[in-house]
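Report on the following structure.
The chain is numbered in sequence order, starting from 1. We count ligands from 1, going down the list as the structure has it; atoms in each ligand are counted the same way.
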Amino acid sequence: MSTEPEGPSPAHLTPEEFRALGYRAIDWIADYMATVADRPVLSTVEPGEIRDGLPADPPTEPEPFDDVLADLDRVIMPGITHWQSPGFFGYFPANASGPAILGDLVSSGLGVQGMLWSTSPACTEVEQVMLDWLVRAAGLPDHFLSDGPGGGVIQDSASSASLCALVAARERAGGNELLDRLVAYVSSETHSSLEKGARVAGLRAGHLRVVPTDGEQRMDADELATMVAADQVAGLVPFFVCATAGSTSTTAFDPTEAICDVAEANDLWVHLDAAFAGSATVCPEYRWVIDGVDRVDSYCFNPHKWLLTNFDCSAFWVRDRATLLDALSILPEYLRNEASASGAVVDYRDWHVPMGRRFRSLKLWFVVRHYGIAGLQAHVRRHVAWAEWLADQVRTHPSLELAAPRTLSLVCLRHVDGDDRTRHMVDEVNRSGEAFLTHTVLDGRYVLRVAIGGTATTRSHVEELWDRLRVLADG
Ligand code: PLP
């Protein structure tokens, strides 16, 4: 029998110690929530400043939890950009919420690794039911339900979802043997993750075609048809097109139905990326944003953007799960088990790149039960109404103009006197610390984006932002 190694055992917390420290950590988060509105939204540290505040070497001996909490405030917090500030209007929101945080905490407490059904049946089955709930809440087609030919899975990000769509499409088109000839189509407004996904999926350089857009940044489906035909004549194999519902720059909506017409005539896989806008479809009046979703091969939206569920939670569905599984399923001996062999269960490790997976559906379960669909609808509707109000103010201001149509809760605007004035507005707002904005460029012109969607944002925060923008535009 081997002897015990010398020295102390690891400083595991007893359940009672964990309880006591856990209360303190929760207090810390609650204090943060209570004060986040008063903190400058943007961190002002210089590059390297946070690193310099941390020792180069890890501690050899255990350190008191008090010291860790104190350093959290002293060393870490200066380097935090406050995504949960009510004044955060940059990029797209990354919603956190009380129930989601607690759901994630429980998931961490369970420490489950749900790669196979048998490694924790609840991890798989709760996820299936949550994705089915979202199908029903968002009016998605029945073939996405877990008891149909397709099904849904939680991915870490929309980027991973598009990569999985690409590899499934590659599989359907004939797999690696055709790789040299496969061609995929996006538009200039498609999220950059599609380009990354195409590289990872092994598409040849130049085989990701950029289809032109119209005056409202929507993919031109006629041009798509023309480009597909030209590629076929050249002996290439068009196999995939990504339609976007709610583009990153301006929330433009591609004509998914028309894209599906082209795709169906040419056997292209259609992936619909609604990373941000998809959350709005919990409201029946916004379901039009994904018109055509019943015809696509795969669909994704991010509850971690606008549906009160902490990162990471990207919902991804496929019409036919067999193709995805053919593309990603590999069965080493050490993962064989009776349940998988029976064919009666789903093993989610086959639905994405990593094998291991967290119990992410718990936070979604906490969120949907806490807020109810009515609460989620209210969250979205308020933001859209405030964005509508803000867009109206912009329209009536003599020095400002909308740079793109406002459809949901993103307002894109610019100063009529040119880019320098618009850039100055963004810089000044960000310098103030009270709000945070990001920009895009449209037709070569600089555009200020106001993305309304933070969990803590209220109408008065939007009004305060407008007051500041109005004064800057006049000044
Ligand atoms: N697709 C669209 C339309 C997006 O707006 C974004 C991010 O804003 C993404 C994809 C990427 O999302 P993720 O960070 O989940 O990969």
What atoms of ligand 1 come within less than 4.0 Å of a heavy atom belonging to Phe92?
-> 5 (O), 8 (O)
If you compare His191, Lys196, His304, Glu189 by their heavy atoms, the one closest to atom 9 (C) of ligand 1 turns out to be His191
heavy-atom search around atom 13 (P) of ligand 1 in the protein gives Ala158 N, 3.5 Å
When distances are taken from atom 14 (O) of ligand 1, the protein heavy atom at minimum range is Lys305 NZ, 4.1 Å
Ligand 1 versus Phe276, non-hydrogen atoms closer than 4.0 Å: side chain, backbone, both, neither?
-> neither
Qualifying salt bridge (Lys or Arg N to Asp or Glu O under 4.0 Å) pairs, either residue in residues 208-220, two or more places apart = Arg209-Asp231, Asp214-Arg218
Residue, atom and distance of the protein heavy atom nearest atom 1 (N) of ligand 1 read Asp273 OD2, 2.6 Å
How about Thr244 and Asp273: does a side-chain donor come under 3.5 Å of a side-chain acceptor?
-> no
Numbering the atoms of ligand 1 from 1, which are under 4.0 Å from a heavy atom of Gly246?
-> 3 (C)
Within 6.0 Å of CZ in Arg459, more than 12 heavy atoms from elsewhere = yes
So which protein heavy atom does atom 16 (O) of ligand 1 come closest to, and at what separation?
-> Ser159 OG, 2.5 Å
Got the closest protein heavy atom to atom 5 (O) of ligand 1, with its distance?
-> Thr248 OG1, 2.8 Å
Pairs under 3.5 angstrom only: tabulate donor-acceptor contacts from the side chains of residues 132-141 to other protein residues two or more places apart or in another chain.
{"unit_1": "Asp132", "atom_1": "OD1", "unit_2": "Ser146", "atom_2": "N", "d": "2.8"}
{"unit_1": "Asp132", "atom_1": "OD1", "unit_2": "Ser146", "atom_2": "OG", "d": "3.4"}
{"unit_1": "Asp132", "atom_1": "OD2", "unit_2": "Ser146", "atom_2": "OG", "d": "2.6"}

Around atom OH of Tyr371, are there more than 12 heavy atoms of other residues, nucleotides or ligands at under 6.0 Å?
-> yes
Keeping the roles fixed (side chain from Asp320, backbone from Asp297), state whether a donor-acceptor pair exists under 3.5 Å.
-> no
Less than 4.5 Å apart, any side-chain heavy atom of Thr457 and any of Val462?
-> yes
Between Thr244 and ligand 1, does any nitrogen or oxygen pair lie at a separation below 3.5 Å?
-> no
